[in-house]
Amino acid sequence: MLTKSLQLIDREEKVIGSSMKIRMYPLVADKAKRARIFDVDGKEYIDFTANWGVANTGYCHPKIIDAIKKQAEKNTFASFTTVITESGIELAEKLIEITPGDFEKKVTFGLSGSDANDCISKLVTLATGKHRIISYFGAYHGQTMGSLSMSGHTAQAKFIGTGNIVKIPYPYCYRCAFDKTHENCDLTCLRYLENYIFKTICPPEDTAAVIVEAIQCDGGDIVPPAEYMHQLKKICERNNIFIIFDEVKIGVGRTGKFFGFEHFDIIPDAVVFGKPIASGLPLSGVIARKEILDSSVATHMLTTGGCPISTAAALATINIVVNEGLMKNVEDMGNYLKHQLLELKEKYEIIGDVRGKGLILGLELVRDRKTKEPASKETAKICYRAFQKGLIIFYVGIHSNVLEFTPPLNITKEDVDTGLRILEESIIEVLNGKVSDEELQRYAGW
Ligand SMILES: Cc1ncc(COP(=O)(O)O)c(C=O)c1O
């Protein structure tokens, strides 16, 4: 007799296209609360993912439920493109207030990180009259044509995309593209931008913007050196190029500050938000200099973008993250979790690097610490075994070998400890050959 989960997966495989899947194990969610998920067979899991960094306020926070209910009872829909709502205005005012930058800003709304990145890629070219945009290898900005064009991740590599994007290496010091070490590099990657990219295929006078993640998430949870970000900002200023931060995954408190770029004391010209902003309801957008978002009329509109239930949920989300001490918990639990992961690194050779900030942490797994050969299969197996034992964890990285830790921001120490115990047991079992290749066959991951 198949479990209800497996029965549903059999049905799902017949009707859902594989183009929308990154499946790591057979999880069919039913209920969820705070940092725990229950599947349709009643099995309980600790969640180290917040479902790709979305459930920052934890699942089913009573204030989010309340905000959704209240708005739904008043009005379920208005298209902000043409019909204004008060909660949309209030949300835009709030976002402008909390986003650093002593200049006039405006906001646009969309539905997902992808379309918000598409929006900014269109509008910076209109605002400047310049065509080119610089982005990064390893970046994940989304799956629509504009956002995938700016992405440099394997997940978007099947498409050629638009021709106006030039990609440069991210400061991924563990695997430096220039074979340097951070101590001796003198930021070679930025000299490459100035001395080769600007002087050849991407002149600054035709470059509208650089788009960057303050921590490169799906590329492997890579934290850049602060000096890199400072220098990048200076290069942009010197050359009259906008700097855009894609905060879709780490914004809304995940790093311990509301936005990730705040760790670098940089003021962006545009900030892209999405994922956790409305605690799981579809909402994204851009906060940017007025001249960027007012550069044209009716050039980026999504009928359901900024719908009132989402904007009401977003106001409640910001209120919870800012006023319920979530960012303090991020700092405490983030430091604790990172410390425990560093201890695991002492014990297991397979852990090549531990990195991250707050509650976005990555564990890069390698077959050999010297050659750094990615332990991709082992990573997938550890995730799978952890799932079987009651821990939800995902993996990322351009080599699919980085275990990612992005739990709800209000996760408790007890849940962190239980999750860590399961993780360690899973590492040991995979190292001892207890998970076969056949078991994983149905779960291609990415
Ligand atoms: C940094 C970043 N930007 C944009 C996106 C795309 O967001 P969405 O999947 O909501 O379209 C993602 C998704 O993982 C992301 O991590």
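Every number for a ligand or one of its atoms is a count from 1 in the order of the listing. Keep in mind it's a predicted model, so treat the numbers as computed, not measured. Along the sequence shown, residues are numbered consecutively beginning with 1.
Taking the six-membered ring where tryptophan is involved, the planes of Y170 and Y228 are tilted, since the angle between them lies from 30° to 60°.
A donor and an acceptor atom, one from each side chain of S147 and T144, are located under 3.5 Å apart. Side-chain polar atoms of D246 and H141 form a donor-acceptor pair below 3.5 angstrom.
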Exercise for review: Walk me through it: do S400 and S376 pass the test side chain to side chain donor-acceptor pair (under 3.5 Å)?
Suggested key: CA-CA 5 Å; S400 298; S376 313; 5.8 Å; no
Exercise for review: Test side chain to side chain contact (heavy atoms under 4.5 Å, CB included) on T412 and R34 and set out the steps.
Suggested key: CA-CA 9 Å; T412 60; R34 203 164 177 150; 4.1 Å; yes
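Regarding atom 3 (N) of ligand 1, its nearest protein heavy-atom neighbour is D246 OD2, 2.7 Å. Ranking the protein heavy atoms by distance from atom 10 (O) of ligand 1 puts G113 N, 3.0 Å first. Y140 O, 3.1 Å is the protein heavy atom nearest to atom 2 (C) of ligand 1. When only non-hydrogen protein atoms are considered, atom 14 (O) of ligand 1 lies nearest to K275 NZ, 2.9 Å. Nearest to atom 4 (C) of ligand 1 among the protein's heavy atoms is H141 O, 3.3 Å.
When side chains are defined from C-beta on, K249 counts as touching D218, because their heavy atoms get closer than 4.5 Å.
The one candidate from Y395, F394, Y140 that meets the ring pair (Phe, Tyr, Trp, His ring centres under 6.0 Å) condition with W52 is F394.
Residue K249 has no nitrogen or oxygen atom sitting less than 3.5 Å from a nitrogen or oxygen atom of ligand 1, judged on distance alone. Between D218 and ligand 1, an N or O atom pair is found at a separation short of 3.5 Å. The shortest N or O to N or O distance between E213 and ligand 1 is not below 3.5 Å.
Residue contacts with ligand 1, taken as heavy atom pairs separated by less than 4.0 Å, involve S114 via backbone and side-chain atoms alike. Under 4.0 Å from ligand 1, the heavy atoms of N117 that appear belong solely to its side chain.
No close placement of the F245 and F259 rings is indicated, their centers lying 6.0 Å or farther apart.
Numbered from 1 in the order shown, with element, the atoms of ligand 1 that lie under 4.0 Å from a heavy atom of G142 read 6 (C).
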